[in-house]
Amino acid sequence: GVAGQLIGGPAAGFAGLRFGPREMAKALLPSLAITLVWLFTPFGLPVLASPLAAIADDRAAMRRALGGVVGLIDLLPRTSGRLVLLLSPAPAAVSTEAASALAGALVDRRGQRVLLLSSEAGAFPVVGDGGVVVRRLNGIDSATVPVTLPVTNADFVAEVRERYDTVVLTAPPTVGDHDGVDLARICDMTLIAIEAERTRQPLVEDLIARLRQLGIVPAGMVMMRRRQHVPGALYRLLFTPAAPAAPTATIEPPSPSLAV
């Protein structure tokens with residue numbers, strides 16, 4: 001399962017290689033941290049990605065951090081465009097940030113046609129001559145619709161499934177609101193976005209319980225804005241370049257004489 005991939009994935013590439021303790025520690029530390037989070041999470045869900053807050057504006061780094069989520073989406077059936085929903089108890093910015101990063105990762109890694117669909121309570125879709133107006137930025141199409149539209153308008157959902165490989169949806173915070181949770185009924189995958197060290201555990205437990213009442217088990221969690229708490233001594237040990245070795249003198253044999 002996912003836990004096996006997190007634990008076994010990095011080590012699988014070590015066969016036949018000669019890594020010293022320093023190199024092994026540097027390679028294993030990130031995956032070990034995520035694995036420990038998964039083992040001790042009180043929610044019973046895998047943490048599929050936990051990008052550092054420091055890389056939020058680095059699209060390439062975010063793409064690498066979300067590689068596991070992209071791989072999981074690739075396992076979904078490809079009969080039509082996939083709908084992937086990100087829900088967050090609070091605040092809304094967490095799910096929006098995660099959805100934007102995931103949409104960018106899908107475009108960059110797979111060259112997919114991706115729609116970032118923001119559903120907001122009380123919002124009115126921007127409608128043009130051809131329907132909902134879609135804007136494009138950095139290769140990603142985006143649109144805003146009322147949170148109830150995807151559930152109540154089957155034709156709209158069929159159209160976006162036909163036009164795009166993946167539609168990444170966001171919804172309003174689920175605290176005190178059920179419309180976002182209801183969106184999960186029409187989606188192929190539901191992810192829970194939380195903010196590291198900030199999102200309150202009871203809110204997440206309530207969201208998971210409400211989803212399971214609908215018969216929906218979230219695929220996992222995306223932990224955004226993770227801080228890097230690494231002791232200074234350990235950080236210097238792992239990431240400070242080693243001093244170059246002193247050059248050694250070598251005695252080379254004399255060059256053969258040229259015939260004259």
Side-chain angles (χ1 to χ4, degrees), residues 37 41 43 45-53 55-57 59 62-63 65-66 68-70 72-73 76 82-107 114-123 125 135 137-138 140-151 160 164 166-212 214 216-227:
V37 170
T41 179
F43 310 119
L45 295 175
V47 177
L48 301 174
S50 57
L52 289 167
I55 67 170
D57 296 327
R59 183 160 164 169
M62 289 295 288
R63 180 181 68 242
L66 293 168
V69 183
V70 173
L72 204 59
I73 293 172
L76 293 172
R82 291 82 55 93
L83 270 61
V84 178
L85 173 64
L86 283 107
L87 292 176
S88 177
V94 175
S95 58
T96 300
E97 182 180 324
S100 298
L102 179 58
L106 288 165
V107 168
V114 177
L115 173 65
L116 182 59
L117 189 60
S118 174
S119 58
E120 300 179 1
R135 297 180 174 86
L137 180 64
N138 296 327
I140 303 170
D141 287 354
S142 63
T144 301
V145 297
V147 67
T148 56
L149 178 65
V151 176
V160 296
Y164 295 96
T166 305
V167 180
V168 182
L169 295 93
T170 62
T174 57
V175 175
D177 183 271
H178 193 75
D179 287 334
V181 177
D182 205 36
L183 271 176
R185 294 191 296 109
I186 66 166
C187 293
D188 303 295
M189 177 185 292
T190 299
L191 302 167
I192 295 178
I194 63 173
E195 183 177 358
E197 304 177 19
R198 295 290 180 88
T199 303
R200 294 174 56 198
Q201 178 176 334
L203 299 181
V204 181
E205 291 174 340
D206 176 71
L207 173 55
I208 294 173
R210 291 160 64 189
L211 287 168
R212 286 177 172 164
L214 298 176
I216 298 166
V217 179
M221 304 175 67
V222 179
M223 183 186 299
M224 301 299 293
R225 305 176 184 177
R226 179 171 59 90
R227 285 75 176 170

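Everything numeric in this text was worked out from a predicted model, so none of it was measured.
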### Query
Side chains of V222 and L102: closer than 4.5 Å at any heavy-atom pair?
no

### Message
With no hydrogens and no angle check, just 3.5 Å: does a side-chain donor-acceptor pair link T166 and R82?
### Response
yes

#### Entry: A196 to R226 - nearest heavy-atom pair and separation
CB-CA, 3.7 Å

### Task
Any chance you could measure M62, atom CE, to E97, atom CD, to the nearest 0.5 Å?
6.0 Å

### Message
Distance check, rounded to the nearest 0.5 Å: L116 atom CG versus T144 atom OG1?
### Response
8.5 Å

### Task
List in chain and number order the residues that pass side-chain contact (heavy atoms from CB on, under 4.5 Å) with R185, two or more places apart in sequence or in another chain; answer none if no residue qualifies.
V151, D182, L214, I216

### Message
Quick one, S119 and L149 - any side-chain contact, counting heavy atoms below 4.5 Å?
### Response
no

### Query
Is any side-chain heavy atom of T199 less than 4.5 Å from a side-chain heavy atom of P89?
yes

### Task
List the steps, then state whether side-chain contact (heavy atoms from CB on, under 4.5 Å) holds for V84 with D188.
CA-CA 6 Å; V84 178; D188 303 295; 5.9 Å; no

### Summary
Between the CZ atom in R200 and the CD atom in E205, the distance rounded to the nearest 0.5 Å is 11.0 Å

### L115 vs L169 side-chain heavy atoms within contact, under 4.5 Å
no

### Task
Specify the closest pair of heavy atoms between G180 and L85, including all atoms of both residues, with the distance to one decimal.
O-CD2, 3.8 Å

## Note on the structure
Minimal heavy-atom distance between G220 and L45, with the atoms involved, is CA-CB, 4.4 Å

### Test side-chain contact (heavy atoms from CB on, under 4.5 Å) applied to V181 and H178, step by step
CA-CA 5 Å; V181 177; H178 193 75; 3.8 Å; yes

### Task
Looking only at non-hydrogen atoms, find the nearest pair between L83 and I186 and report the distance.
CD2-O, 3.9 Å

### Query
In Å, rounded to the nearest 0.5 Å, how long is the span from CG of L191 to CG of L86?
5.0 Å

### Task
Please report the closest heavy-atom contact between M221 and I194, naming both atoms and the distance.
CE-CD1, 3.4 Å

### Spatial distance of atom CG (L72) from atom CG (L48) [nearest 0.5 Å]
6.0 Å

### Query
Looking at side-chain heavy atoms only, is the closest gap between R59 and N138 below 4.5 Å?
yes

### Task
Might you point out which heavy atoms bring R225 and A93 nearest each other, and give the distance in Å?
NH2-CB, 3.7 Å

### From M224 atom CE to S95 atom OG, the distance as rounded to the nearest 0.5 Å
10.0 Å

